[in-house]
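Input: a single structure, listed below in structure tokens.
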Amino acid sequence: MYNVPADFINEAKVWETLEHNKNPEPAQIREVLAKAAGMKGLNLADVAILTSISDPEMLAELFNTANTVKETIYGKRLVLFAPLYISNLCANECLYCAFRATNKEIDRHALSQEHIARETEVLINQGHKRVLLVAGESYPKKGFDYVLESIRSVYSVKNEHGEIRRVNINVAPLTVDEFKQVKAEGIGTYQIFQETYHRETYQKVHVGGKKRDYNWRVWALHRAMEAGIDDVGIGVLFGLFDYRFEIMAMMQHIFELEEKFGVGPHTISVPRMEPATNSDIASHPPFPVSDIDFRKIVAILRLAVPYTGIIMSTRETAKMRRDTFALGVSQISAGSKTNPGGYEEDDAISGQFSLGDHRPLDEVIRDVASMGYIPSFCTACYRMGRTGQDFMDLAKPGDIRLHCGPNGLSSFKEYLQNYASPETREIGDKLIHETIAGLTGVAKQRAEKLVNRVKAGRDDVYC
Ligand code: SAM
Ligand code: SF4
């Protein structure tokens with residue numbers, strides 16, 4: 001049914017490349033950073049060299065280069081979304097996750113479609129436009145149709161406050177046929193994390209259920225793309241194994257997707273393991289990633305795949321999230337709950353893992369805007385068919401500025417006008433004004449036009 005080439009995720013090559021580049025001279029590091037500044041991405045040896053940086057001076061140069069690339073490509077935009085956990089039923093035994101089958105210490109729920117609609121309504125009323133639908137790997141009676149119905153339920157809710165305009169999903173690997181079905185429901189990104197690319201560790205931490213099959217999981221994004229899903233999201237659960245190995249192996253995965261489909265992943269997620277109810281390993285990760293290494297990971301990924309979005313979830317603290325905006329993060333979740341039904345009524349104990357950032361959306365927006373970042377709720381690209389290769393073609397610095405910049409500003413204005421608290425509105429309006437004043441040419445004209453339309457009472461305007 002699936003044919004994973006034997007040398008796909010070539011562990012020997014990863015170790016060899018790391019070993020060969022483990023003590024780079026400053027001149028070598030600077031050479032890689034100079035190449036990275038050209039924003040054309042990096043090869044495996046380049047990435048290995050960057051993972052070897054420990055000297056504070058070199059680290060500062062890495063961070064500065066990542067910051068320049070991030071700002072050149074993405075400007076000050078940060079895309080916002082909320083996860084929507086629809087079920088914590090699961091037949092797998094991932095030792096790090098509270099949802100694992102044998103964990104008796106959490107309450108199990110698979111939300112009804114009515115309940116999903118109510119959760120969606122809470123998110124809409126807060127101002128969200130993008131949702132990431134998340135589930136454990138076991139569905140109620142209807143089986144996989146439950147996921148299809150749930151996507152439909154989210155899109156079906158429209159009230160006087162708005163609607164969700166893009167549903168991304170993070171659910172267990174599907175068959176090509178199932179991927180075609182979720183595509184037909186209009187999903188944006190299909191996201192799946194390999195957790196660890198190290199096969200031996202993978203077997204040790206996935207002790208039961210279908211998820212034990214490494215190849216089935218690692219080939220999921222191939223099946224998704226084969227089914228016509230252009231935007232796929234990749235990731236590693238940091239803490240399970242050596243982060244240097246994981247970044248290198250994930251790069252192999254990315255290169256393979258690029259080679260086969262002409263386009264790599266749309267996003268990379270960088271979840272770091274957090275404590276989870278009744279999980280030893282989650283509280284004591286075998287390969288803990290320090291805060292400084294975590295920042296390094298984000299900066300390296302920004303340089304290695306400059307046009308791929310980097311997602312930072314609320315697993316991390318507000319401070320860490322702030323620090324990584326400058327290093328390459330382009331999307332963040334906000335106001336998240338990881339327990340099914342948690343938006344309507346919170347029950348922290350049934351969550352998947354503990355969160356580092358509990359602030360409500362409005363507070364996150366205020367904070368982000370105070371730092372000079374434009375929170376964007378834009379969903380234009382996907383709705384205009386600018387996905388996959390088309391998105392990557394567009395994602396050249398100048399072009400992004402002409403589309404995403406103005407769209408980000410108009411979607412932010414829509415948020416401020418319809419949902420924000422007075423304090424957030426004041427800070428946000430000032431930022432929009434200053435940002436537009438700093439623009440020139442077509443970007444300025446477009447931004448002014450779109451924002452003025454929102455001011456005149458129109459919602460959902462974009463170019
Ligand atoms: N059940 C599906 C799966 O495993 O692919 C999809 C959803 S799962 C709820 C989403 C992700 O949560 C997992 O891929 C894993 O990386 C992450 N996760 C699980 N336990 C975690 C923990 N203790 N800390 C941080 N992230 C965790
Ligand atoms: Fe289930 Fe996913 Fe948690 Fe594993 S990570 S136990 S598959 S919900």
Side-chain angles (χ1 to χ4, degrees), residues 83-106 108-110 131-139 144 146-147 150 168-174 178 182 187 189-197 201-214 216-221 223-224 232-241 246 250 267-289 294 311-317 320 333 336-340 342 350-357:
L84 175 52
Y85 278 69
I86 55 170
S87 161
N88 60 8
L89 308 185
C90 195
N92 291 324
E93 274 296 313
C94 311
L95 296 183
Y96 47 80
C97 180
F99 294 174
R100 68 188 187 282
T102 60
N103 185 15
K104 300 277 182 267
E105 289 186 25
I106 63 165
R108 303 283 172 169
H109 306 281
V131 148
L132 172 68
L133 200 133
V134 187
E137 187 165 1
S138 170
Y139 307 116
F144 169 69
Y146 175 69
V147 175
S150 303
N168 299 329
I169 62 171
N170 183 326
V171 300
L174 307 174
E178 287 168 337
V182 288
I187 63 154
T189 309
Y190 171 70
Q191 187 184 85
I192 191 84
F193 311 149
Q194 186 59 24
E195 321 296 12
T196 172
Y197 283 95
T201 306
Y202 189 93
Q203 294 310 318
K204 270 193 212 153
V205 297
H206 300 111
V207 298
K210 194 166 180 184
K211 193 160 164 182
R212 273 183 70 68
D213 187 342
Y214 178 106
W216 176 247
R217 194 170 180 90
V218 87
W219 211 243
L221 296 184
R223 294 193 298 279
V232 297
I234 205 167
V236 158
L237 182 56
F238 287 102
L240 290 173
F241 193 61
E246 301 288 19
M250 183 160 65
T267 55
I268 300 182
S269 297
V270 289
R272 203 163 40 153
M273 207 152 47
E274 294 296 329
T277 307
N278 200 16
S279 162
D280 281 345
I281 190 174
S283 300
H284 305 100
F287 288 82
V289 174
F294 191 60
I311 301 180
M312 184 65 58
S313 76
T314 54
R315 290 173 180 85
E316 298 296 333
T317 60
M320 178 54 83
S333 47
S336 308
K337 305 284 181 204
T338 67
N339 49 316
S350 298
Q352 193 195 6
F353 44 77
S354 34
L355 299 179
D357 184 351

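Numbering of ligands and ligand atoms starts at 1, following listing order.
- Thr102 and Glu93 share a donor-acceptor pair across their side chains, judged by distance under 3.5 Å alone.
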- prompt: When you look at Lys211 and Val205, which way does the side chain to side chain contact (heavy atoms under 4.5 Å, CB included) test go after all the steps?
  reply: CA-CA 10 Å; Lys211 193 160 164 182; Val205 297; over 6 Å; no
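- Under the 4.0 angstrom criterion for non-hydrogen atoms, Ala135 is in contact with ligand 1.
- Note on Cys94: counted as a metal contact of atom 4 (Fe) of ligand 2, an N/O/S atom lying under 2.8 Å.
- Scanning the protein for heavy atoms near atom 6 (C) of ligand 1, the closest one is Asn170 OD1, 3.1 Å.
- With respect to atom 20 (N) of ligand 1, the closest heavy atom belonging to the protein is Tyr96 CD1, 3.4 Å.
- When hydrogens are left out, the protein atom nearest atom 7 (S) of ligand 2 is Asn92 ND2, 3.3 Å; that is the closest non-hydrogen contact.
- Proximity of Ser279 to ligand 1, defined as any heavy-atom pair under 4.0 Å, is not found for any part of the residue.
- Annotation: atom 3 (Fe) of ligand 2 to nearest protein heavy atom, Cys97 SG, 2.4 Å.
- Taken to the nearest 0.5 Å, the CG atom of Leu240 stands 13.5 Å off from the CZ atom of Arg272.
- At under 3.5 Å, a nitrogen or oxygen of Glu274, whether backbone or side chain, sits near a nitrogen or oxygen of ligand 1.
- The shortest contact between atom 4 (O) of ligand 1 and any protein heavy atom is with Lys211 NZ, 2.8 Å.
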